[in-house]
Amino acid sequence: MENKKVSEVEIIKDKSRYLRGTLVESLHNEITGAVAADDTQLIKFHGSYQQTDRDLDSERKRQKLEPLYSFMIRVRVPGGICTPQQWLNMSDLADKYGNGGLKLTTRQAFQLHGILKRDLQKTIQGFNEVLLDSIAGCGDVNRNVMMNPNPYQTKAHEEVYEHAKQISAHLTPKTSAYWEIWLENQAADTSEPVSPDSEEGKMVAKANDLLTRKVAEDKEPIYGKHYLPRKFKIALAIPPYNDVDIFANDIGLAAIVEDGVLRGYNVAIGGGFGMTFGMPDTYPRLADMIGFCDKDQVVDVCEKVMTLQRDWGNRENRKFSRLKYTIDRVGLDVFKAEVENRLGYKLQPLKPYKFESNGDAYGWSENHNGNWNLTLFVEGGRVKDTPQYKLKTALHKVAMLGTGDFRLTGNQNVMICNIPTSKKGKVQDILSQYGVMRETYKHTALRLSSMACVALNTCSLAFAEAERYLPRLIDKLDAIVRMNGLDNKEIVMRMTGCPNGCGRPYLGEIGLIGRSVGRYNLYLGAAHNGQRLNKLYKEMLNEEEIIAELKPIIEDYAKNRQQGEHFGDFTIRKNYIKPTTHGLNFHD
Ligand code: SRM
Ligand code: SF4
């Protein structure tokens with residue numbers, strides 16, 4: 001490490017004793033609400049970011065006060081599936097220690113915002129009580145593994161969910177630092193005998209697993225002490241639904257199901273979205289398909305791709321550290337050959353598959369086991385109560401029924417799933433009472449297909465608003481959409497406050513990316529199924545200009561689209577924009 005020129009974060013990892021750093025000292029330092037500088041990097045691996053309230057920053061500065069430091073914590077939920085008890089706990093923790101709201105992220109995780117340093121430990125202990133954890137929520141490791149959020153749709157879906165959990169468990173860091181720093185050896189109460197098949201039994205099994213990991217000697221058999229050069233992401237989807245946008249991931253897996261039987265996965269590698277304005281050698285990129293693997297090979301394939309990126313990834317400049325840049329530097333064929341070399345076998349030729357959409361299907365649906373699922377719209381993924389709309393209370397009451405489970409979707413929505421027919425009416429009654437059913441059904445398909453990242457006031461990287469602003473912009477676009485009879489036409493619209501791409505704006509048929517306060521770049525031409533990136537159409541638009549640009553295109557689409565033609569394809573056919581065929585020509 002000493003002889004190589006590496007980024008500062010690499011040196012922090014090197015010195016950290018498997019992610020400990022001086023976090024304990026930082027937590028006990030009562031003079032400041034912040035943690036020490038190096039610890040701000042390490043705490044990410046534990047799932048947390050130090051933030052300030054950007055709405056208050058300048059006023060605090062004027063008053064010569066320290067910024068109002070608080071912490072965001074991200075809780076991984078593989079495949080987005082949690083129990084009603086876990087939902088209740090997260091909801092209560094948000095009230096007790098956070099800002100009262102739950103943020104459902106674009107990667108099917110929970111985020112709590114506004115936690116003060118003194119409450120961090122108690123909050124994480126609260127997760128542990130229901131066997132959730134925040135380790136690897138952020139940091140240079142494999143992140144929350146995503147999957148189509150309905151494992152009970154078919155038997156094959158159930159199996160894919162099992163694989164998602166296996167991949168997640170296999171690639172979770174093994175350091176005991178998390179348990180040492182945050183949990184102080186806290187473990188679940190296992191004194192009462194429980195059936196291993198019951199919900200409680202499964203929780204106890206997970207507790208044992210955590211304990212085993214806690215007492216394991218500190219070493220990272222997969223990562224090593226320097227972990228990965230950068231974040232790493234994996235998603236699994238079952239065609240025809242690409243509702244987790246697999247091609248935006250370092251590894252995207254398309255399940256191949258033949259005659260109802262899961263055979264394995266087509267493997268795509270090298271997706272990732274972050275770019276920097278004014279630096280054309282940074283770009284969003286979709287993952288390339290490299291071959292098919294049998295289902296019992298999938299964990300191994302993920303490990304080998306990830307560890308090759310661990311070894312070959314750029315550790316000098318974090319702007320070029322993601323797998324996408326490693327692949328474009330060495331060549332896809334070379335990278336694939338070395339993966340196969342490490343696997344000891346070749347990937348098979350790709351199997352046919354077809355994705356149709358990357359959105360969520362709202363409303364009720366039935367499982368293969370006869371139970372019911374309900375998908376609800378959560379604007380901006382923010383579950384909170386306002387005087388007009390008490391979504392958080394409504395979902396809390398449903399969770400209190402203790403039936404079924406809760407799913408976080410890759411589009412920031414929530415599903416209440418596996419509800420027996422006998423309880424369906426009760427769930428519907430509670431949600432109707434709070435207006436939640438109406439809220440999901442009254443909107444245009446444009447709004448229901450929209451997504452925005454957090455941006456201001458907590459994200460330190462935001463140039464512009466996203467989550468707080470998109471609903472108001474859509475109010476205005478809705479008028480145009482309704483006037484043109486497109487109320488039920490799904491047009492995928494995504495907005496972010498900067499080009500890092502957290503709301504996957506490069507896959508928006510309409511993409512808006514913040515340039516400065518109130519100004520956005522407009523991107524058009526993405527595919528409706530997440531398989532083609534969009535391209536820059538106009539720069540630095542304010543609200544009036546965005547509407548002026550989009551209005552005639554929407555009107556044209558209403559009049560001149562072909563049968564079944566999606567908005568993104570239309571904008572290309574009508575020459576509004578050229579197609580992006582690869583990340584490398586995104587800026588052309
Ligand atoms: Fe993200 C950084 C929020 C999904 C690409 N992302 C951030 C930070 C932590 C800002 C920071 O570094 O200070 C944001 C915290 C804001 C806050 O106050 O909460 C943040 N990202 C989010 C979430 C919460 C957006 C949301 O509204 O749901 C998503 C959490 C996902 C999760 O549960 O793990 C989120 N971020 C994504 C995605 C989408 C995805 O993974 O499908 C991407 C694009 C895909 C990718 O990884 O390339 C994404 N986030 C980034 C990047 C750019 C990475 C790059 O390769 O350049 C950054 C900046 C960085 O890492 O330096 C970033
Ligand atoms: Fe923040 Fe940018 Fe991510 Fe939005 S896209 S949450 S502004 S880093």
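The structure presented is a predicted model; accordingly, all values stated were derived computationally and were not measured. Every number for a ligand or one of its atoms is a count from 1 in the order of the listing.
- Electrostatic pairing of Arg382 and Glu467 counts as a salt bridge here, judged by a charged N lying under 4.0 Å from a carboxylate O.
- With hydrogens and angles left out, the side-chain atoms of Asp133 and Asn128 include no donor and acceptor closer than 3.5 Å.
- Among protein heavy atoms, atom 3 (Fe) of ligand 2 sits closest to Cys502 SG, 2.2 Å.
- Residue-ligand proximity: Gly503 is placed with every non-hydrogen atom at 4.0 Å or more from ligand 1.
- Relative to atom 44 (C) of ligand 1, the option among Ala462, Cys498, Gly501 with the closest non-hydrogen atom is Gly501.
- Under a 4.0 Å N-O distance rule, the pair Arg407/Asp405 qualifies as a salt bridge.
- For Phe586 and Tyr283, the gap between ring centers reaches or exceeds 6.0 Å.
- Side-chain N/O atoms of Glu543 and Tyr469 include a donor and acceptor closer than 3.5 Å.
- Using a 4.0 Å cutoff on heavy atoms, Ala455 counts as a contact of ligand 2.
- At least one heavy atom of Lys103 lies less than 4.0 angstrom from ligand 1.
- Asp281 has no carboxylate O lying under 4.0 Å from a charged side-chain N of Lys319, or vice versa, which leaves the two without a salt bridge.
- Closest heavy-atom approach to atom 38 (C) of ligand 1 within the set Met451, Arg322, Arg504, Lys233: this belongs to Lys233.
- Where the criterion is an N or O separation shorter than 3.5 Å, residue side chain and backbone included, Gln108 fails it with respect to ligand 1.
- Remark: ligand 1 and Phe273 share an N or O pair separated by less than 3.5 Å (distance only, no angle test).
- Using a cut-off of 4.0 Å between Lys/Arg side-chain N and Asp/Glu carboxylate O, Asp57 and Arg54 are scored as not salt-bridged.
- Here Gln412 has side-chain heavy atoms under 4.0 Å from ligand 1, and that is the only part of it that gets that close.
- For ligand 1, the polar-atom distance check against Leu104 finds no nitrogen or oxygen pair separated by under 3.5 Å.
- Contacts between Arg76 and ligand 1, counted as non-hydrogen atom pairs separated by less than 4.0 Å, are absent for every part of the residue.
- Between Asp38 and Lys15 there is a salt bridge, since at least one side-chain N of the basic residue sits less than 4.0 Å from a carboxylate O of the acidic one.
- Considering backbone and side-chain N/O atoms, Lys324 never comes within less than 3.5 Å of an N/O atom of ligand 1.
- Because the distance cut-off is set at 2.8 Å, Cys453 qualifies as a neighbour of atom 4 (Fe) of ligand 2 through one of its N, O or S atoms.
- Using a 4.0 Å cut-off between heavy atoms, Thr458 contacts ligand 1 through both its backbone and its side chain.
- The shortest N or O to N or O distance between Arg107 and ligand 1 is below 3.5 Å.
- Between Tyr241 and Phe355, the ring center distance fails the sub-6.0 Å criterion.
- Annotation: Asn144 places no N or O atom under 3.5 Å from an N or O atom of ligand 1; distance criterion only.
- If you number the atoms of ligand 2 from 1 as listed, the ones under 4.0 Å from a heavy atom of Thr496 come out as 5 (S).
- Heavy-atom contacts of Gly497 reach the following atoms of ligand 2: 4 (Fe), 7 (S) (cutoff under 4.0 Å).
- Between Asp95 and Lys384 no salt bridge is recorded (no basic side-chain N to carboxylate O distance below 4.0 Å).
- Shown in contact with Gly501 at under 4.0 Å from a heavy atom are these atoms of ligand 2, numbered in order with element: 5 (S).
- Residue-ligand proximity, Cys459 to ligand 2, at heavy-atom distances under 4.0 Å covers atoms 1 (Fe), 6 (S), 7 (S), 8 (S).
- Judged by the 6.0 Å distance and 45° axis criteria, Arg515 is positioned over the aromatic ring of Phe277.
- Classification of Glu379 and Arg447 as a salt-bridged pair holds, one side-chain N sitting under 4.0 Å from a carboxylate O.
- Here Asp140 does not pair with Lys231 in a salt bridge; the nearest charged N to carboxylate O distance is not below 4.0 Å.
- Contact annotation: for Lys319 versus ligand 1, there are no heavy atoms closer than 4.0 Å.
- With respect to the salt-bridge test (charged N to carboxylate O, under 4.0 angstrom), the residues Arg285 and Asp328 qualify.
- Given atom 2 (Fe) of ligand 2, the protein heavy atom at minimum distance is Cys498 SG, 2.3 Å.
- Atom 1 (Fe) of ligand 1 has no N, O or S atom of Cys453 closer than 2.8 Å.
- Contacts with ligand 1 closer than 4.0 Å are made by side-chain heavy atoms of Arg230 only, the backbone lying farther away.
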